[in-house]
Structure formats: C-alpha cells, structure tokens
Amino acid sequence: MASSSELTLHLVLPNGATRDVPAGTLARDVVLSIGPGLLKAAIAVAIDGEVQDLMTPIRTSGAFVVLKASDPRSLDVLRHSGAHILATAVRRLRPDAKIGFGPAIEDGFYYDFEVEKPFTPEDLEAFEAEMAKVVAEALPFVRDEISKDEGMKRFADDPLKLERLAELGADEVISTYTDGPFVDLCRGPHVPDTSHLKNFKLLSTAGAYWRGDERRQMLQRIYATAFWKKEELEAHIHRLSEARRRDHRVVGKQLDLFMFHPYAPGAAFWTERGTLLYNALVDYVRELQRVDYQEIKTPLLYNKGLWETSGHWGKYRENMFLVLDNETSEHDFSLKPMNCPSHYLLYSAKKHSYRELPLRYATFDVLHRNEVSGALSGLTRVRQFAQDDCHIFLMPSQIRDEVERLTKFILGYYGAFGLKARLKFATRPETRIGTDDLWDGAERSLREALDATGLPYEMKPGDGAFYGPKIDFDVTDSIGRHWQLGTIQLDYNAPDRFDLNYTGEDNADHRPVVIHRAVSGSFERFIAILIEHFAGAFPVWLSPEQVRVLPIAHDFADTARAVTAAMRAAGIRAHLDDRNDTLNYRIREAETMKTPYMAVIGQREAESGTLAVRERGQGKKQEVVSVEAFIARVQEEIRTRALPPVTEE
RNA sequence: GCUGACGUAGCUCAAUUGGCAGAGCACCUGAUUUGUAAUCAGGAGGUCGCGAGUUCGAUUCUCGCCGUCAGCUCCA
C-alpha cells in the first residue's frame with residue numbers, strides 16, 4: 001500500500017519505458033497512454049505481480065504489465081467476472097436470491113445463493129440462457145469505492161454481504177462492482193465488460209454451508225467454468241467426460257472387479273477378478289518388504305482400554321465402530337481404525353535390543369473407520385480397507401538413514417506404475433506435544449534425509465501431525481489429478497504413551513522413536529487410482545486375466561485347451577474361450593475386458609505349434625509366434641512388471 | 001451428518017396424466033464352425049430399493065427409512 005505522501009507513482013513497463021502518474025490514476029488511462037490498440041486487448045494489469053483491473057485506481061509504484069487474454073492470470077479475472085454474470089442472471093430470474101460469495105476456483109468459478117427453493121436442472125438452463133443475454137448486452141463493470149456506512153445501506157437486503165462487510169477493517173478500501181442492475185460487494189478484479197464471457201458452461205448445483213461451516217445455513221452453490229477460447233472450453237468438457245469414462249466405479253463394473261451392497265455400505269466385495277488384482281498388489285509389496293520387514297498380524301477387535309491408552313477413545317471415537325456392552329460397559333470393544341496401537345502391544349510383549357533396530361513391523365490387516373455416509377465414494381472413500389502399513393521402531397540417530405531409504409522405497413513403488421509423486425514436508429503445528437528441542441531434532445533429521453535424496457519438495461509449515469513432522473507424497477495420475485497417498489510420520493508421542501523401550505549398549509532402557517509409514521494409502525483407494533490411471537488397461541502383471549485363448553472353430557478347441565493348460569502351468573493367468581460364438585464376437589469381448597493378449601488358434605497355428613497373438617488396443621495387427629516363445633515373453637513381462645506402452649487416447 | 005438429485009430385469013435405459021411393466025446387451029436352448037471389435041432364431045428373467053399412508057386400485061401421489069451420486073474453507 002502506498003503511503004499517502006507518495007503523490008506521484010513510478011511505473012516501469014516491460015520494455016523499460018516508464019510512466020510517472022499521479023496516485024489514483026486509473027489503470028486504463030495508463031494503458032491508453034501506451035496505445036489505444038492495447039487498451040482494446042487489455043483485460044487487466046499486473047503491478048509488481050499483483051493483478052488488478054483497468055477500473056481500479058493505481059496506488060503503488062512498480063513494474064507495470066498489461067495482461068491480455070493470452071496471459072494465464074487473466075483467466076481468473078474472466079472467471080470471477082463470470083461469477084458476477086451468473087449472479088446477475090440469477091437475480092433477474094430469482095430476485096429473492098440472497099447473494100453469498102462467488103470466487104474463481106481452480107477449474108472455473110461458483111456462486112453461492114441463499115434461496116427458499118433449491119435450484120433445479122431446469123433453473124440452471126434458464127440461468128445459462130439468461131447469462132448469454134447479459135453477455136450480449138456487453139454491460140461494463142463499474143467500480144465504486146464506498147464507505148462502510150454506504151455499504152451497509154447498499155447491501156441492507158443482503159445479510160450475507162453485510163456479515164462480510166462488517167468484518168472489513170476501517171483502513172481497507174471497500175469497493176463494489178456493478179454490471180447493469182447487479183451490484184456486488186467485491187474487491188475485483190474484473191474484465192472491462194460482460195461481453196468477454198463468450199465461452200462458459202454451468203456444470204452443477206449443490207448445497208454448500210455458508211462459509212464452509214456446518215453450523216451455518218446451507219446455501220445453494222452453482223458451479224460453472226469459463227475459458228477464453230471455445231476450443232479450450234470444449235477440451236475441458238472433454239476432460240470431464242474422459243474422467244467420467246475412466247471412473248473406477250464404472251470401469252470396475254465393466255471389468256467385473258468389485259461391487260458394493262447396501263448391507264455393507266462403504267465396504268467393497270471383491271470379485272474373483274478383482275481379488276486377483278488386489279492380491280497381485282499385495283504380493284508386490286510383500287516381495288519388496290521380504291528382506292527388511294517383519295510382517296505381522298494382530299487382532300481386529302479390541303477392548304476400549306487400548307483406545308483409552310492410545311487416545312483414540314477420546315479423540316477418534318466418532319470414527320470407530322463400537323461393539324458396546326450395555327450392562328457394564330466393561331466389555332466395550334472397537335474395531336481397529338489404525339494399526340499402530342496393536343503394533344505397540346506386540347512390540348512391548350518382549351524386550352528389544354538396540355541391535356534389532358530399526359525394527360519394521362509391516363501389516364496388511366483390515367481397518368474400519370466409520371466415515372459419515374455422505375463422505376463415502378466408490379473405492380476412494382470407504383469404511384473398510386487395508387493399508388500397506390508399517391511401524392518402524394528406531395533410535396533417533398537412525399532417523400536420517402531410515403527416512404531416506406523409505407522415501408526411495410515409496411518413490412520406487414509409484415514408479416512401477418508410471419506414477420510421479422511430489423513431496424511435501426510438513427513441520428510442527430501450533431498445537432503439538434513435545435519440547436522444541438525434540439521438534440528441532442526431528443525436523444532436522446527429516447530435512448537432512450529429504451535433502452539427501454536430491455528430490456525437490458514443498459514446505460508445508462504447520463501442517464505436521466501433533467506428535468511429529470511428516471513427509472506426504474502427492475501423486476499425479478495420467479489425467480493430471482492429484483492424490484495424497486504415502487506418508488512418513490515421525491512420532492515421539494506414542495512411545496511415551498505405550499512406554500516403549502529398547503535396551504541400549506549401556507544396558508539401560510531407552511525410548512525408541514516410531515515412524516508411521518504407508519505407501520499406497522489404502523489398497524482400495526490405490527486400486528481406484530490405478531483403474532483410472534490405466535483406464536482399466538492394466539499392465540500384464542496386474543491384469544486379472546492375462547491371456548485369452550481363442551480357437552477359431554471347434555476343431556482346434558483341443559489344441560487351444562492344451563495351450564491354455566501350458567500357460568497356466570507356466571504361471572500365466574490364461575483362459576480358454578471356446579464358446580459357440582464367432583471369432584469376431586469373442587475378440588470383441590476380450591477387448592472390452594481389456595485383456596492384454598489374445599492368442600488365436602486356427603488350422604495354421606494348430607499345425608505349426610504357434611499362436612496368432614493379438615495385443616490389446618493394437619487392432620488387427622497380429623504376430624505369429626511359437627507357443628514357447630509367447631509363454632516366455634509373457635512370463636518375462638510379469639517378472640519385470642513391465643508397464644504397457646503409453647497410448648494417446 | 002447436512003442440501004439436492006436419483007433408485008424399474010445381471011448391465012444400460014424406456015414407459016405408465018394412478019388401471020395387466022418394455023427394449024438393447026448379458027444369460028439359457030437350438031441352428032451356424034466361424035481368421036481378428038457384435039451370426040441367426042427361440043426362451044427364460046421384475047415384490048418397479050424397503051416400509052407405512054391416501055385410493056376401488058400405487059411402480060406412479062404423500063411420509064419415513066435404506067442406498068447411490070454431486071457438493072459442503074479454495075475467502076467481499
């Protein structure tokens with residue numbers, strides 16, 4: 001903010017030219033002074049990187065950049081204006097609607113309204129049509145700077161705006177933007193007029209609590225998106241439909257992998273095909289952990305005493321499935337929502353030497369968390385799941401090496417699926433336990449370990465767990481979506497609560513540190529991500545069915561049966577399809593089920609001991625190879641867990 | 001949990017202004033013996049999510065419940 005004594009502002013254009021203008025000059029006048037043609041193309045300006053619109057008085061000196069539609073930063077401006085245009089249309093058709101907030105968001109914008117009757121899809125169509133009219137009217141966005149008292153008067157009928165207005169400080173500039181009949185309390189920035197919103201689409205409507213607070217009233221939110229170019233809007237809509245096509249709930253049904261039943265909401269039933277996929281993943285993790293980890297199994301159901309010790313009974317009970325004893329409550333039990341407490345019990349059951357550390361307890365036990373019904377969503381948010389969970393007991397001096405090794409482990413695992421991850425380093429939160437010394441040491445160890453990997457990471461100050469700092473792994477899938485999967489968390493709290501010890505070199509008891517580590521997050525959610533990442537076309541090693549053997553006619557069924565048996569004996573998941581249908585029909589079905597290989601056997605192949613191999617997604621292109629060569633090839637692909645070639649869709 | 005939408009055959013979806021519930025695919029049977037993405041014919045398959053209510057009559061209208069889906073801090 002410029003000081004009031006600064007009457008002349010100094011603006012530097014990208015080409016080095018300068019403009020000295022009186023404070024309060026409108027940005028549009030500066031742009032006009034550069035060139036009238038530029039003003040036509042200008043959407044907004046950035047002064048020292050801060051985006052403001054052409055109608056706003058300039059208050060600071062700095063680098064002055066004119067933003068045209070081609071500048072990515074102008075898209076947020078367009079979308080924010082889109083929100084106003086949406087509100088303009090809604091107010092025309094539903095004058096009773098009270099306005100909430102209407103910001104630009106990552107993929108578009110929304111606006112929240114308080115209305116008696118919720119919006120219907122028909123309403124949405126009407127709003128969209130009305131928006132088109134507002135756009136056609138090319139209404140200029142007019143900025144006014146007003147006093148708080150004036151604002152109170154102007155928004156007397158909009159209680160939500162009044163609430164926001166009341167929070168604004170005395171020294172803040174309060175501005176309104178008007179387009180046609182619609183006035184909104186808004187700090188901007190906006191496009192010059194409504195005609196800029198040429199390519200937009202209303203997407204959905206849903207309830208949203210006022211200010212995200214479930215104790216406040218529920219507003220009706222309309223989601224929409226907008227782009228500068230028609231092709232961009234179409235591409236975005238295409239991306240949305242692509243995501244829907246890959247939706248693991250849809251693909252999972254098509255490929256017959258899992259199902260849900262109303263009698264077990266939030267808990268998946270895995271079909272025989274889905275179970276093969278699930279187990280292939282578990283087997284992979286087991287193989288990776290064979291040398292350095294100790295796999296254990298612990299009970300699923302525990303007396304509440306355990307949860308009182310762990311603190312879950314107080315803080316996490318709402319999310320736990322309880323089995324209550326109505327008479328004495330002495331036998332109150334709960335299904336475990338996490339593995340850690342039971343691992344501590346097993347650890348404590350005997351004495352441990354420092355020579356055993358780091359001791360890595362790994363498990364695939366089933367966990368239950370009672371998520372609220374509205375939170376459930378396919379496999380990505382379930383009530384029953386299994387993690388590739390691990391608790392590592394170690395000495396503080398071992399943290400650095402261990403974290404470095406875990407980080408490589410996790411990234412290597414993702415790499416096997418062609419997934420890339422970004423690392424986030426979350427440090428001490430406001431409310432925490434443990435001394436600052438302890439935190440200093442923990443954060444330093446984590447940081448050193450991270451630096452040692454040479455990988456870039458993002459800092460998330462204050463985002464750590466209350467018991468220790470952590471590293472989170474944020475994975476990007478093939479259609480650009482982000483998933484928070486793995487985590488490495490240092491824990492100094494649990495060892496105290498559970499009185500964990502190891503015997504040191506000095507023959508005295510010492511406190512170990514615990515590291516919580518998960519890689520996939522949960523297998524359920526990870527499979528959902530894999531389904532969408534591969535669009536169901538899994539690598540051979542994960543495919544429930546790896547080869548489908550197709551005899552062309554009855555006469556070759558015996559040969560085909562023998563070939564199938566040979567493949568199965570070689571550890572390949574092969575199936576014979578000798579049904580009484582045309583070859584075309586059976587190929588179509590195998591393709592639909594995303595089977596990686598089809599092995600066709602006709603007269604020529606039967607006579608020469610070969611197969612006509614058709615590869616998934618490769619169409620008519622076929623390759624004739626000997627049965628032995630094909631088996632060797634598939635075995636090799638399974639052994640190396642080869643990824644399918646990346647195909648553009 | 002809250003707001004809204006939805007729930008019809010295994011799947012995808014029609015229809016009924018309240019009056020015997022329909023298609024395609026899948027499934028079964030038969031014919032066809034097929035050379036790289038749907039051969040032909042026939043058959044079977046439904047407590048219209050569950051439970052109440054209104055009505056001569058409810059899949060349809062009302063209420064309750066269950067489930068599914070979208071969303072519920074990206075700041076005027």
Side-chain angles (χ1 to χ4, degrees), chain A residues 76 80 83-84 99-110 112 115 117-121 123-124 148 151 155 158 160-168 172-177 184-188 203-223 244 247 249-250 253-254 256 259-266 318 370-378 550-557 578-593 598-605 612-624:
Chain A
D76 276 352
H80 185 190
H84 279 232
I99 49 177
F101 294 166
I105 55 174
E106 195 176 333
D107 283 320
F109 59 90
Y110 68 78
D112 286 342
V115 284
K117 274 191 297 178
F119 301 130
T120 64
D123 288 333
L124 235 55
K148 201 160 171 175
F155 294 99
D158 272 305
L160 306 177
K161 289 291 174 188
L162 286 182
E163 182 179 325
R164 178 67 192 124
L165 190 59
E167 294 166 358
L168 294 174
E172 289 184 73
V173 175
I174 297 173
S175 56
T176 65
Y177 279 82
D184 200 352
L185 177 71
C186 176
R187 70 174 172 198
L203 297 173
S204 62
T205 169
Y209 296 106
W210 169 232
R211 312 204 98 171
D213 185 342
E214 60 190 328
R215 290 164 304 190
R216 306 295 302 268
Q217 72 268 43
M218 178 151 291
L219 309 181
Q220 292 298 313
R221 175 171 298 178
I222 297 176
Y223 280 97
R244 233 171 295 138
D247 187 318
R249 293 165 301 198
V250 176
K253 197 174 274 180
Q254 278 166 0
D256 188 27
M259 65 157 217
F260 287 92
H261 194 279
Y263 279 151
E318 282 202 344
N370 194 3
E371 304 282 352
V372 297
S373 60
L376 301 179
S377 177
L550 303 171
I552 282 176
H554 284 161
D555 289 351
F556 319 112
D578 62 349
R579 288 176 302 172
N580 185 15
D581 286 297
T582 59
L583 181 64
N584 273 343
Y585 179 89
R586 288 174 289 150
I587 283 176
R588 180 185 153 81
E589 190 181 275
E591 285 280 2
T592 307
M593 294 303 278
M598 281 153 264
V600 178
I601 300 177
Q603 178 98 41
R604 295 193 294 273
E605 291 76 18
V613 176
R614 174 178 167 131
E615 214 171 318
R616 173 182 60 201
Q618 299 299 307
K620 283 180 199 288
K621 201 172 89 183
Q622 56 171 300
E623 197 183 346
V624 179

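Predicted model, so just to flag it, every value in this text is computed and none were measured. Below, read A as the first sequence line, B as the second, and so on, with proteins coming before strands; counting in each chain starts at 1.
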Undergrad: Check whether the side chain of A:Y209 and the base of B:G1 form a donor-acceptor pair under 3.5 Å.
TA: yes
Undergrad: Distance criterion of 3.5 Å, no angle test: do you see the side chain of A:R614 paired donor-to-acceptor with the base of B:A37?
TA: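 Between B:A37 and A:R614, which were checked side chain against base, a qualifying N/O pair under 3.5 Å is present.
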Undergrad: With both distances kept under 3.5 Å, what pairs with B:G19, Watson-Crick or G-U wobble?
TA: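 Per the H-bond distance test, B:C56.
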Undergrad: Can you list the steps and then say if A:E623 with A:Q618 is a side-chain contact (heavy atoms from CB on, under 4.5 Å)?
TA: CA-CA 11 Å; A:E623 197 183 346; A:Q618 299 299 307; over 6 Å; no
Undergrad: Rounded to whole Å, how long is the line connecting atom OH of A:Y110 with atom P of B:U3?
TA: 20 Å
Undergrad: Which nucleotide in the set B:G71, B:U36, B:G1 lies at the smallest distance from any side-chain heavy atom of A:V600?
TA: B:U36
Undergrad: In whole Å, I'd like the distance from the CD atom of A:E589 to the C1' atom of B:C25.
TA: 11 Å
Undergrad: On the side chain of A:Q220, is there an atom forming a donor-acceptor pair with the base of B:G71 - under 3.5 Å, no angle test?
TA: no
Undergrad: Of the listed nucleotides (B:U36, B:A76, B:G1), which one gets closest to any side-chain atom of A:V372?
TA: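 Nearest to the side chain of A:V372 among the choices is B:G1.
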Undergrad: Quickly work out the A:L219 CG to B:C2 P distance and round it to whole Å.
TA: 17 Å
Undergrad: Counting only side-chain heavy atoms from C-beta out, which of B:C72, B:U68, B:G35 sits nearest to A:Y223?
TA: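 Among the listed nucleotides, the one closest to the side chain of A:Y223 is B:C72.
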Undergrad: Using Watson-Crick or G-U wobble geometry with both distances below 3.5 Å, tell me the partner of B:C40, or none.
TA: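 For B:C40, the partner nucleotide comes out as B:G30, under the 3.5 Å rule.
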Undergrad: What is the distance from NZ of A:K253 to C1' of B:C25, rounded to the nearest Å?
TA: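 For the pair A:K253 NZ and B:C25 C1', the rounded distance is 15 Å.
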Undergrad: At under 4.0 Å, does any side-chain N or O of A:Y585 touch on OP1 or OP2 of B:G35?
TA: no
Undergrad: What's the verdict on side-chain contact (heavy atoms from CB on, under 4.5 Å) for A:T176 and A:F155, showing C-alpha distance, side-chain angles and the deciding distance?
TA: CA-CA 10 Å; A:T176 65; A:F155 294 99; 3.8 Å; yes
Undergrad: Nearest to the side chain of A:Q622 - B:C72, B:U36, B:G35?
TA: B:U36
Undergrad: Could you check which nucleotide pairs with B:U47 in any of the strands shown, counting Watson-Crick or G-U wobble with both distances under 3.5 Å?
TA: none
Undergrad: Mind calculating the distance between CG (A:L376) and P (B:C72) to the nearest angstrom?
TA: 16 Å
Undergrad: Could you give the CG-to-P distance, from A:D581 to B:A31, as a whole number of Å?
TA: 14 Å
Undergrad: Can you see which heavy atom on A:S377 is nearest to which on A:R249, and at what distance?
TA: OG-NH1, 3.6 Å
Undergrad: With respect to the side chain of A:Q603, which nucleotide from B:G35, B:C72, B:A70 is positioned closest?
TA: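 In terms of side-chain proximity for A:Q603, the closest of B:G35, B:C72, B:A70 is B:G35.
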Undergrad: Could you please name the partner base of B:G67, counting Watson-Crick and G-U wobble pairs only when both distances are under 3.5 Å?
TA: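 Result: B:C6.
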